[in-house]
A.B. asks: 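Okay, handing you the structure first.
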Number of protein chains: 2
Amino acid sequence: MSTLAQSKSDLERASTAQKVADMLRERVLDGELEPGLRLSEEAIGGALGVSRNTLREAFRLLTRDRILVHEHSRGVFVRRPTSEDVCDLYAARRVIEGGSLRLWNDVTEAQREAVRAPVRQAVARAEKNDFSKTGSANIQFHRGIVGLAGSVRLSDESDRLFAELMLAFRVAREVDAFHRTYLPWNRRIVELLNKGTVDEAVGQLDEYFDAAEQDLASRLTAD
Amino acid sequence: MSTLAQSKSDLERASTAQKVADMLRERVLDGELEPGLRLSEEAIGGALGVSRNTLREAFRLLTRDRILVHEHSRGVFVRRPTSEDVCDLYAARRVIEGGSLRLWNDVTEAQREAVRAPVRQAVARAEKNDFSKTGSANIQFHRGIVGLAGSVRLSDESDRLFAELMLAFRVAREVDAFHRTYLPWNRRIVELLNKGTVDEAVGQLDEYFDAAEQDLASRLTAD
DNA sequence: ATCGTAGAATCGTTCAACAATCCCACAAAA
DNA sequence: TTTTGTGGGATTGTTGAACGATTCTACGAT
């Protein structure tokens, strides 16, 4: 049954605009297209072999995800988060993840495991001095937290927030080191959760947000 | 200074696609375009005097706001929320508004007043048997709650959730009566907040969500 | 150095066309 | 009767070109 659902989702992936958007999203999040860069319709459309109209549709999809920003009659740019953006992003995350984490005792074991697993894997890799996937592991941890709420709308919005933060990391030139710094925090949160002290875990999460926000914002204003 | 900001925002409102999207959004939320209705590109584009490409851009904007749904090669439809959607929407609202309300003691007086004022006005009107604007007042109350978080991203996402719920009300054929029913709840929440018992207010908010969700979902499944 | 202006580059929008896909009705087969 | 092809017709997906409107750039005047 899962194979059927799989192939169905593959078939639905027909639109060219969608494919172009996926490719551009990857390029942006990988850092090949730097924040602040202007994306010329003609240049990119020509390079990818799609018409301007189709490319504009792809741009709309990415502005929805807040990866690109659209300025009227000026074009689209790779989003370049400011320190105000970072403040706003963490304000949203505090509410969403804090509120989700409080549901810890009311959710399924599978949902709880989605929070624990990423931290366990990151810790295991860190002990072998392997910090390769530490960034995605950190994001998976926070995705798991939001998943406790059981709302796809909330999870989707969180993914957009995470994508924006990835861009902020890039502006601050601290993509990997950032996640690594805060691994101990994640570990502590999971330990508190397993101990059943949800309120203390939420407190640790808030402290993590405070530290991360200040760290990131200061790097952005200095730049 | 506010006049300058005003005129600036007017100037930025240049795009035709944006204007078309605004018009369509209004039509949908007013109920002139029923949930489930398919919007033909040719028909609407011809009626509004805009080209297909521009109309498609407007559709993308409304799809982002979850007012329309896009099905590949089939067209765009006015969203018709299901009971699963309602469940998801309230799961998100529980987290967002619950988390925001907990910040009550940490925000500015202006933010707190944005929560109290809509309820006060709705109560005043209700005592005169004037239930005309009770719906928007209820939404303003919940907008105020989300505003406590101080994140425009969170507030924007909440507006999208509210818009979706408006569509659900319409499917359930209970637009005004719905809001009216729950005015006493809002009043009680504000009283608890003014008394300083934030946790109890959050509890009342949760109960409100439980009742509203069950009420709305049952009307949708019955239909 | 500041300001204004002409020209180039780019975006916003429209139009026409064709391929790809979906829908619907009708006929054939179990 | 129900199911299963199988057409044709309608609609969407995508392209390319075109032109007015807006922005950017560079050059020259003050």
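Sequence lines set the chain letters: A, B, ... in the order given, protein chains first and strands last, and positions in each chain run from 1.
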A.B. asks: Rounded to the nearest Å, what distance is computed from the CG atom of residue L61(B) to the C1' atom of nucleotide dG12(C)?
C.D. replies: 14 Å
A.B. asks: On DNA chain D, check which nucleotide each of R38(B) and A17(A) is closest to and give me the residue with the more 5' one.
C.D. replies: R38(B)
A.B. asks: Please tell me if the side chains of I44(B) and V20(B) come closer than 4.5 Å, counting only heavy atoms from C-beta onward.
C.D. replies: no
A.B. asks: Can you tell me the distance, in whole Å, between the CZ atom of R60(A) and the P atom of dG12(C)?
C.D. replies: 7 Å
A.B. asks: Could you tell me which residues satisfy side-chain hydrogen bond (donor to acceptor under 3.5 Å, both in side chains) with E41(A), sequence neighbours excluded, listed by chain and number?
C.D. replies: R52(A), R56(A)
A.B. asks: Take the protein atom CG of L68(A) and the nucleotide atom P of dC11(C), then report the distance between them rounded to whole Å.
C.D. replies: 13 Å
A.B. asks: Grab the CZ-P distance between R52(B) and dC15(C) for me, whole Å please.
C.D. replies: 12 Å
A.B. asks: For residues 26-35 of chain A, tabulate all N or O donor-acceptor pairs below 3.5 Å that involve a side-chain atom, not counting sequence neighbours.
C.D. replies:
none

A.B. asks: In chain order, what residues pass the side-chain contact (heavy atoms from CB on, under 4.5 Å) check against S51(A), with sequence neighbours excluded?
C.D. replies: N53(A), T54(A)
A.B. asks: Heavy atoms within less than 4.0 Å of DNA chain C: which residues of residues 40-50 of chain B have one? Give them sorted by number.
C.D. replies: G49(B), V50(B)
A.B. asks: If a pair satisfies ring pair (Phe, Tyr, Trp, His ring centres under 6.0 Å) and one of its residues is in residues 142-169 of chain B, list it, with sequence neighbours excluded.
C.D. replies: H142(B)-Y208(B), F169(B)-F178(B), F169(B)-H179(B)
A.B. asks: Nearest whole Å is fine: how far is dG12(C) P from E57(B) CD?
C.D. replies: 8 Å
A.B. asks: Under 4.0 angstrom, heavy atoms only, what part of the nucleic acid is S73(B) near: base, sugar-phosphate, or nothing?
C.D. replies: sugar-phosphate
A.B. asks: Mind checking salt bridge (Lys or Arg N to Asp or Glu O under 4.0 Å) for D156(A) and listing every partner two or more places apart, or none if nothing turns up?
C.D. replies: none
A.B. asks: Rounding to an integer number of Å, can you tell me how far E71(B) CD sits from dC22(C) C1'?
C.D. replies: 11 Å
A.B. asks: Sequence neighbours left out, what passes side-chain hydrogen bond (donor to acceptor under 3.5 Å, both in side chains) with D85(A)? Give chain and number order.
C.D. replies: T82(A), R153(B)
A.B. asks: Given dC15(C), is OP1 or OP2 found less than 4.0 Å from the side-chain N or O atoms of T54(B)?
C.D. replies: no
A.B. asks: Can a donor-acceptor pair under 3.5 Å be found between the side-chain atoms of N53(A) and the base atoms of dG16(D)?
C.D. replies: yes
A.B. asks: Could you tell me which residues satisfy side-chain hydrogen bond (donor to acceptor under 3.5 Å, both in side chains) with D210(B), sequence neighbours excluded, listed by chain and number?
C.D. replies: R94(B)
A.B. asks: Answer yes or no: does a side-chain N or O of H72(A) lie under 4.0 Å from OP1 or OP2 of dT10(C)?
C.D. replies: no
A.B. asks: dC15(C) P sits how many Å from R56(B) CZ, rounded?
C.D. replies: 16 Å
A.B. asks: So does E109(A) pair up with R112(A), basic N to acidic O under 4.0 Å?
C.D. replies: yes
A.B. asks: For DNA chain D, just give me the dot-bracket, please: Watson-Crick or G-U, both distances below 3.5 Å, ( ) intra-strand, [ ] crossing earlier pairs, | paired with another strand, . unpaired.
C.D. replies: ||||||||||||||||||||||||||||||
